Amino acid sequence: MITNMRIQNVALIDEVEVTFAPGLNILSGETGAGKSIVVDSIDFLLGGRSSRDLIRAGADFAHVEGVMQFESPLLEFVSDGLHALGLEMEDGQIMISRTMHADTGKSTCRVNGRTVTVGILKDAAELLVDLHGQHEHQGLLDPVKQLEMLDQFCGEQVTAHKATLEGLLSQYKETSKALKAIAGIGNQRQEQIEIWKFQLNEIESADLKIDEEDGLMAKQTRLSGVEKLHKNSTSIVAMLCGWTAPGQLSAVDQTAKSVALAAEIARLDPTQENLHASLLDAHTQLAEISQDFRDYLDELDSNPHELERIENRLDTIYKLKKKYGGTVETILQKQDELKQNLDNLENSEVEIKRLQGIRKGITKEITALCDEMNTLRVAGAEHIASAITEVLADLGMQNAKFFMEITRKTSFGPDGNDQIEFMISPNPGEPFKPLRKIASGGEMSRLMLAIKTVMATADRISTVIFDEVDTGVSGRTAQQVAEKLMAVSRTRQILCITHLPQIAAMADIHFLIEKSVHDGRTSTSVNALKQEEIINEIARLTGGAQITTATLESAKEMKYQANALKVKEIGAIL
């Protein structure tokens, strides 16, 4: 429900803050006081169309924000809906704001501080508030939401069927996809087989290995400098093994001679045995290193075409990656896929018949399930339509007939193959027309009130706003409208703008919208009334501007009876 709302620089409103309550919130005021401004502000906040005319004269912007609080069982529904839009709730709360700038005429929308588009704002608002009046109708006029509401009314059976249907549709989709992959090839079957065989042979003949490419690239880097490697290795071997000049002792020979001399020193002076040992180790290591470099040099000389082989192999891998995927792993996956496709295609006649049989069985299950859902919906729709028609009679629309038109589609979807349209015949002899095409704002509000009364437990929108619900209503009908509003407000927050004392008397909280002039400037205010002020306002609504003792007594009696009726209603619920 809406807990708080702030309106700034909208039409005649300078700045007002309103704290709404659960139950029935009544807004009243004299004609021209600015009641429509409040409704326009709420519509603006909910993502409705607007122009710069909304901005108060002389102001740079218009700003409206609202804080909404949710508790179970609506909390999960709203939270899931917002999550689907990429939005999150905080402690069961959501704050929506919208600002229009005078210089550009463009608006900035935020949900919980996050900037969103007007489209997302509208989608979020549809989870939160229904606004009825002046053709600003949401939720209940959308055939998709009408079907959703009917299903909620029908209960757990339809919900369970829809869950089963979701699984069947998934199976149907997968089976159709597999069937299309085989049967859809048609006359190009043999041509496709040849193409796949060529591709498979191309990949298999390459005999690719995971991580092979990294090893080849490392070898390529090494062999790309083979000339330098050969030159340096030759020089090292020459210096270690004595190839530098005729008659010159090599490094290995010189260390060997040094070892012999050190051995003589150690024999004469045993304290120097460690020097002899160290020199012997150095000579041994130097001889081994010399042999390793000679082996390395032989290896460089043994395969002069190795670099060319490696580069050709890398080129093959590169071409296959470019053609079949960005990695060797992807190419090998393609190889497996081609094998499977060839196997399926070469045995396609048998596979087609098998898949067709499976799909036929799934279609039969879906059809039976949709028939059961249709039966439940038709029964629920008849019950709802009858109840709504009765409520409309109580609301002064005695001749109106309400009907839920359910038709069957040839295709299946997540909701089955039913499509629904709320239909209404306002007067005898008139054909049924879609509810969304009804012209009268007051008539529409009463229709919405009737629907809300009957389907209050199924509809999960927490706040309903009624404007013009009392148009053309008086006497006993006015009392019936008031009682229906009170009944709906037991499960939903209601904001209702009214001119009728009977409706005003039912208020759980009553706001007065007034227009005043200060320093030559007109402003509209919205204030919660105290008990005595409420009686005065009901008296004004009853007798006009002239409030008498009689109208005050009548107002007190009306409020007393309304309170007694509410206590009785609460007792019946408990």
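The structure displayed is predicted, hence computed values, not measured ones.
- For Leu552, the side-chain contact (heavy atoms from CB on, under 4.5 Å) partners two or more places apart in sequence, or in a different chain, are Ile535, Asn536, Ala539, Ile547.
- Judged by distance alone, the side chain of Thr551 and the main-chain N or O of Thr548 form a donor-acceptor pair under 3.5 Å.
- Around the NZ atom of Lys401, the shell of radius 6.0 Å holds no more than 12 heavy atoms that belong to other residues, nucleotides or ligands.
- Within the structure, the ring-ring contact (aromatic ring centres under 6.0 Å, His included) test picks out no pair touching residues 32-61 (sequence neighbours left out).
- Residues Met68 and Thr463 have side chains not in contact (no heavy-atom distance under 4.5 Å, counting atoms from C-beta outward).
- Residues His161 and Glu156 have side chains not in contact (no heavy-atom distance under 4.5 Å, counting atoms from C-beta outward).
- Pairing each heavy atom of Ile513 with each of Ala33, the nearest pair is O-CB, 3.3 Å.
- Heavy atoms only, all atoms of each residue included: Glu65 and Ser97 are closest at CB-CB, 3.7 Å.
- Closest approach of Cys496 to Leu24, counting heavy atoms only: CB-CD1, 4.4 Å.
- For the pair Ile96/Val64, no side-chain contact is recorded, criterion being any heavy-atom separation below 4.5 Å from C-beta on.
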(message) Between Met89 and Leu75, is the side chain to side chain contact (heavy atoms under 4.5 Å, CB included) condition met? List the steps.
(response) CA-CA 9 Å; Met89 299 183 71; Leu75 177 60; 3.8 Å; yes
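- In terms of the side chain to side chain donor-acceptor pair (under 3.5 Å) criterion, Ser50 has no residue partners (sequence neighbours excluded).
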(request) Give the C-alpha distance, both sets of side-chain angles, the deciding distance and a yes or no for side-chain hydrogen bond (donor to acceptor under 3.5 Å, both in side chains) between Asp14 and Ser523. (result) CA-CA 6 Å; Asp14 183 17; Ser523 295; 5.4 Å; no
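- Ser170 places no side-chain N or O within donor-acceptor distance of the main-chain N or O of Glu166, the cut-off being under 3.5 Å.
- Checking side-chain atoms of Thr3 against main-chain N and O of Val67 turns up a donor-acceptor pair under 3.5 Å.
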(request) With side chain to side chain contact (heavy atoms under 4.5 Å, CB included) as the test, would you mind laying out the steps for Gln8 and Glu17 before giving the verdict? (result) CA-CA 9 Å; Gln8 187 177 4; Glu17 292 192 25; over 6 Å; no
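- Residues Leu87 and Ile120 meet the side-chain proximity criterion, which asks for heavy atoms closer than 4.5 Å.
- Within the structure, side-chain hydrogen bond (donor to acceptor under 3.5 Å, both in side chains) pairs that include any residue of residues 416-425 comprise Asn374-Asp418, Arg377-Asp418, Thr407-Gln419, Arg408-Asn417, Arg408-Asp418, Glu421-Arg436 (at least two apart or interchain).
- Contacts of His83 classified as ring-ring contact (aromatic ring centres under 6.0 Å, His included), with partners at least two apart in sequence or in another chain: none.
- Identified under the salt bridge (charged side-chain N to carboxylate O under 4.0 Å, His left out) test for residues 494-517, with sequence neighbours left out: Arg490-Asp508, Asp508-Lys566.
- In this structure, CD1 in Ile465 is found 9.0 Å from CG in Asp43, a value given to the nearest 0.5 Å.
- Comment: Glu174 does not engage Lys177 in a salt bridge, judged by the lack of any side-chain N to carboxylate O separation of less than 4.0 angstrom.
- For Glu390, the side-chain contact (heavy atoms from CB on, under 4.5 Å) partners two or more places apart in sequence, or in a different chain, are Ser386.
- Leu495 CG to Ile42 CD1: the interatomic distance, rounded to the nearest 0.5 Å, is 5.5 Å.
- Listed by chain and number, the residues in a side-chain contact (heavy atoms from CB on, under 4.5 Å) with Glu553 are Thr549, Lys556 (sequence neighbours excluded).
- Judged by distance alone, the side chain of Glu533 and the main-chain N or O of Lys530 form a donor-acceptor pair under 3.5 Å.
- Considering all non-hydrogen atoms of both residues, Ile538 and Ala505 come closest at CD1-CA, 3.8 Å.
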(request) Give the C-alpha distance, both sets of side-chain angles, the deciding distance and a yes or no for side chain to side chain contact (heavy atoms under 4.5 Å, CB included) between Thr363 and Phe412. (result) CA-CA 9 Å; Thr363 302; Phe412 304 114; 4.3 Å; yes
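- Across Leu46 and Ala125, no two heavy atoms sit closer than the pair O-CB, 3.5 Å.
- For CD of Glu15, the number of neighbouring non-hydrogen atoms (other residues, nucleotides, ligands) closer than 6.0 Å is greater than 12.
- Between the CG atom of Leu500 and the CG atom of Leu485 there is a distance of 10.0 Å, given to the nearest 0.5 Å.
- Here the closest heavy-atom approach between residue Ser107 and residue Val118 is recorded as OG-CG2, 4.1 Å.
- Note that CE of Met506 is 11.5 Å distant from OG1 of Thr498, once rounded to the nearest 0.5 Å.
- Side-chain atoms of Asn9 never come within 3.5 Å of backbone atoms of Ala59 as a donor-acceptor pair (strictly under, hydrogens ignored).
- Between Met1 and Leu74, every side-chain heavy-atom pair lies at or beyond the 4.5 Å cut-off.
- Rounded to the nearest 0.5 angstrom, Met558 CE and Ile503 CD1 are separated by 11.0 Å.
- The side-chain contact (heavy atoms from CB on, under 4.5 Å) search around Ile37 returns Val10, Ala11, Leu12, Ile13, Ser41, Thr524, not counting sequence neighbours.
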(message) Evaluate Gln93 against Gln69 for side-chain hydrogen bond (donor to acceptor under 3.5 Å, both in side chains), listing each step before the verdict.
(response) CA-CA 5 Å; Gln93 283 191 338; Gln69 179 75 43; 3.0 Å; yes
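- When side chains are defined from C-beta on, Val464 does not count as touching Gln493, because their heavy atoms never get closer than 4.5 Å.
- Sorted by first and then second residue, the ring-ring contact (aromatic ring centres under 6.0 Å, His included) pairs with a member in residues 493-536 read Phe20-Phe511; sequence neighbours excluded.
- Proximity of Asp151 to Thr159: side-chain heavy atoms (C-beta onward) are nowhere separated by under 4.5 Å.
- A salt bridge (charged side-chain N to carboxylate O under 4.0 Å, His left out) check over residues 66-93, counting only residues at least two apart or in different chains, returns nothing.
- Shown are Lys162, Lys145, Lys409; of these, the salt bridge (charged side-chain N to carboxylate O under 4.0 Å, His left out) with Asp415 is made only by Lys162.
- Rounding to the nearest 0.5 Å gives a distance of 5.0 Å between SG of Cys109 and CG of Leu121.
- Phe402 has its ring centre less than 6.0 Å from the ring centre of Phe422.
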(request) Go through Ile366 and Leu165 one step at a time and tell me if the side chain to side chain contact (heavy atoms under 4.5 Å, CB included) criterion holds. (result) CA-CA 7 Å; Ile366 290 175; Leu165 179 60; 3.8 Å; yes
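- Side-chain contact between Met404 and Val378: absent, with no pair of heavy atoms (C-beta onward) separated by less than 4.5 Å.
- A salt bridge (charged side-chain N to carboxylate O under 4.0 Å, His left out) check over residues 52-64, counting only residues at least two apart or in different chains, returns nothing.
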